[in-house]
Engineer: 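Mind having a look at this structure? Questions to follow.
It should be emphasised that the depicted structure is a prediction, and the values quoted were computed from it without experimental measurement.
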Amino acid sequence: MIVAPENPSAEPELTRLFGSRADMYVTRLPISPLPALTDRLESYNAALPAMARAFGGLRLDALVMACTEPRYLLGPDEDRAQCMELTAATKLPVASATMATREALDHLGVSEIVLVSPYEPWVTELAERFWKTAGVTVTQVVQIRASDGYSSYAVTPEELIAQVESAEPPEDAALLFTGTGLPTLPVLGPLTTGNERRLLTTNLCVAWWSLSRAFGRQVTFSPLPHRRTVVRRVAHTGGRA
């Protein structure tokens, strides 16, 4: 996994999602001194090829840039093309968080989403355009804000639950929570109680993609992962992530 320098949620959530089924090795993107958010995000995209080589000769089954926000500066085609180039160069399956999410949506047959975004409004607009360009219908955008501003790292589970509920998404909607830095696992239960919502998070999609590549087959995992075992057979989950 390649994660952003200050991301507080990716490693804890992915560790729980993998359980005992896979080992995870992590490197963090370089801290950027650039003050403008656009410049920092572009620097993360530019650093990706070098970071993909940061593991040296360590034997890996898959490699993911578990950092979503910078990929929204790219179009879906460019995002996929860069991952394919790195796959050819490293001889490993390589995905960005957005590419892993696209493949998870395709696997589940989800073509309409409510997009839940903690990013600044202009990044949220880029995210909405990204998913629409990728062929996904965005029926609603729920803009999430932390108490001290727009930051996926600062949003608390309580804030996330309250703001999603106040937006009143349909009871049968598929919600996509974008961002590996969001604390999403604690909200899955409360936001699906008493309704038919399907909740997909970036970390869930990254875990699904990684495990599928590691095992050489597509896997299905429970929406409420347990500490040690998260992979389930389809019969136990109804085919839902």
Engineer: Is a side-chain donor or acceptor of Glu13 paired with a backbone partner of Leu185 at a separation under 3.5 angstrom?
Structural biologist: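 Judged by distance alone, yes, a pair lies under 3.5 Å.
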
Engineer: With sequence neighbours excluded, tell me which residues meet salt bridge (charged side-chain N to carboxylate O under 4.0 Å, His left out) with Glu85.
Structural biologist: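 Checked Glu85 against salt bridge (charged side-chain N to carboxylate O under 4.0 Å, His left out); zero matches.
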
Engineer: Pairs in or reaching into residues 118-147: which pass salt bridge (charged side-chain N to carboxylate O under 4.0 Å, His left out), with residues at least two apart or in two chains?
Structural biologist: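 Applying salt bridge (charged side-chain N to carboxylate O under 4.0 Å, His left out) to every pair that reaches into residues 118-147, excluding sequence neighbours, yields Glu128-Lys132.
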
Engineer: Check for me, please, whether Leu199 and Val206 land in the same ILVMFWY cluster - side-chain distances under 4.5 Å, paths through other members count.
Structural biologist: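 In one cluster with Leu199: Val206, yes.
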
Engineer: Answer yes or no: does atom CD of Glu171 have more than 12 heavy-atom neighbours from other residues, nucleotides or ligands under 6.0 Å?
Structural biologist: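 Yes, because the 6.0 Å sphere around CD of Glu171 holds more than 12 heavy atoms from other groups.
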
Engineer: What distance do Arg53 atom CZ and Thr27 atom OG1 have between them, rounded to the nearest 0.5 Å?
Structural biologist: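 Between Arg53 CZ and Thr27 OG1, I get 12.5 Å after rounding to 0.5 Å.
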
Engineer: Apply side-chain contact (heavy atoms from CB on, under 4.5 Å) to the pair Val136 and Leu105, showing each step before the final yes or no.
Structural biologist: CA-CA 9 Å; Val136 177; Leu105 292 175; 4.2 Å; yes

Engineer: Does any non-hydrogen side-chain atom of Met65 lie less than 4.5 Å from one of Met51?
Structural biologist: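 SC-SC contact between Met51 and Met65 ruled out.
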
Engineer: Does the side chain of Tyr150 pick up a donor-acceptor pair with the side chain of Thr124 at under 3.5 Å?
Structural biologist: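 No, Thr124 and Tyr150 have no side-chain donor paired with an acceptor closer than 3.5 Å.
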
Engineer: About how many Å separate CG of Asn203 and CG of Leu17, when rounded to the nearest 0.5 Å?
Structural biologist: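 Nearest 0.5 Å value for the CG-CG distance: 6.5 Å.
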
Engineer: To the nearest 0.5 Å, how far apart are OG in Ser96 and CG in Leu63?
Structural biologist: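 The distance works out to 11.0 Å.
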
Engineer: So does Val94 get a backbone contact from the side chain of Thr87, meaning a donor-acceptor N/O pair under 3.5 Å?
Structural biologist: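 Present.
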
Engineer: Heavy-atom count check: over 12 atoms from other residues, nucleotides or ligands less than 6.0 Å from Glu165 CD?
Structural biologist: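 Above 12, so yes.
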
Engineer: Quick one, Leu200 with Leu108, criterion side-chain contact (heavy atoms from CB on, under 4.5 Å). Give me CA distance, side-chain angles, the key distance, then yes/no.
Structural biologist: CA-CA 10 Å; Leu200 298 170; Leu108 294 168; 3.6 Å; yes

Engineer: For the pair Thr180 (side chain) and Ala66 (backbone), establish whether a donor and an acceptor sit closer than 3.5 Å, ignoring hydrogens and angles.
Structural biologist: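 Pair found, side chain donor or acceptor close to backbone of Ala66.
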
Engineer: For the pair Leu37 and Trp122, evaluate side-chain contact (heavy atoms from CB on, under 4.5 Å) and give the outcome as yes or no after the intermediate values.
Structural biologist: CA-CA 11 Å; Leu37 176 59; Trp122 67 270; 3.7 Å; yes

Engineer: Can you name the salt bridge (charged side-chain N to carboxylate O under 4.0 Å, His left out) partners of Glu103, sequence neighbours left out?
Structural biologist: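 Salt bridge (charged side-chain N to carboxylate O under 4.0 Å, His left out) check on Glu103 returns Arg80, Arg213.
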
Engineer: Would you check if the side chain of Gln140 reaches a backbone N or O of Ala167 as a donor-acceptor pair within less than 3.5 Å?
Structural biologist: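 Side chain of Gln140 to backbone of Ala167, a donor-acceptor pair under 3.5 Å: yes, one is there.
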
Engineer: Evaluate the side-chain proximity of His107 to Trp209: yes if any heavy-atom separation is below 4.5 Å, no if none is.
Structural biologist: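 No, too far: nothing below the 4.5 Å cut-off.
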
Engineer: Let's go through Thr101 and Thr178 carefully: what are the C-alpha distance in whole Å and the side-chain angles of both, what is the deciding distance for side-chain contact (heavy atoms from CB on, under 4.5 Å) to 0.1 Å, and is it a yes or a no?
Structural biologist: CA-CA 9 Å; Thr101 301; Thr178 184; over 6 Å; no

Engineer: Between the main-chain N or O of Ala97 and the side-chain N or O of Arg71, is there a donor-acceptor pair closer than 3.5 Å?
Structural biologist: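 Not at all, since once roles are kept as given, no pair shorter than 3.5 Å links the two residues.
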
Engineer: So, Tyr72 and Trp131: side-chain donor and acceptor under 3.5 Å apart, yes or no?
Structural biologist: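 Side chains of Tyr72 and Trp131: pair found under 3.5 Å.
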
Engineer: For the OG atom of Ser43 and the CG atom of Leu48, what is their distance to the nearest 0.5 Å?
Structural biologist: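 If we round to the nearest 0.5 Å, Ser43:OG and Leu48:CG are 11.5 Å apart.
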
Engineer: Side chain of Arg40, backbone of Pro35: donor and acceptor closer than 3.5 Å?
Structural biologist: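 Side chain of Arg40 to backbone of Pro35, a donor-acceptor pair under 3.5 Å: yes, one is there.
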
Engineer: In terms of hydrophobic clustering (I, L, V, M, F, W, Y; side-chain heavy atoms under 4.5 Å; direct or indirect links), are Met99 and Val64 co-clustered?
Structural biologist: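 No.
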
Engineer: Same cluster or not: Leu115 versus Leu73, using hydrophobic residues (I, L, V, M, F, W, Y) connected whenever any side-chain heavy atoms lie under 4.5 Å apart?
Structural biologist: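 Leu115 clusters together with Leu73.
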
Engineer: Would you find a donor on one side and an acceptor on the other, under 3.5 Å apart, between the side chain of Ser212 and the backbone of Val219?
Structural biologist: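 Yes, the answer is positive, given that a donor and an acceptor are paired below the 3.5 Å cut-off.
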
Engineer: Is there a donor-acceptor pair closer than 3.5 Å between any side-chain N or O of Thr202 and the backbone N or O of Phe177?
Structural biologist: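 Here the side-chain-to-backbone pair exists.
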
Engineer: Judged by atom type as modelled, is there a donor-acceptor pair below 3.5 Å linking the side chain of Thr139 to the main-chain atoms of Ile113?
Structural biologist: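 Confirmed, Thr139 side chain pairs with Ile113 backbone.
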
Engineer: Would you compute the distance between atom OG1 of Thr133 and atom CG of Leu74 and round it to the nearest 0.5 angstrom?
Structural biologist: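 Interatomic distance, Thr133 OG1 to Leu74 CG, rounded to 0.5 Å: 12.0 Å.
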
Engineer: Quick check: does any side chain N or O of Arg198 sit under 3.5 Å from a backbone N or O of Val110, one acting as donor and the other as acceptor?
Structural biologist: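 Judged by distance alone, no pair lies under 3.5 Å.
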
Engineer: Other residues, nucleotides and ligands only: do more than 12 of their heavy atoms fall within 6.0 Å of CD1 on Ile31?
Structural biologist: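 Counting neighbours around CD1 of Ile31, 12 or fewer heavy atoms of other residues, nucleotides or ligands fall under 6.0 Å, so no.
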
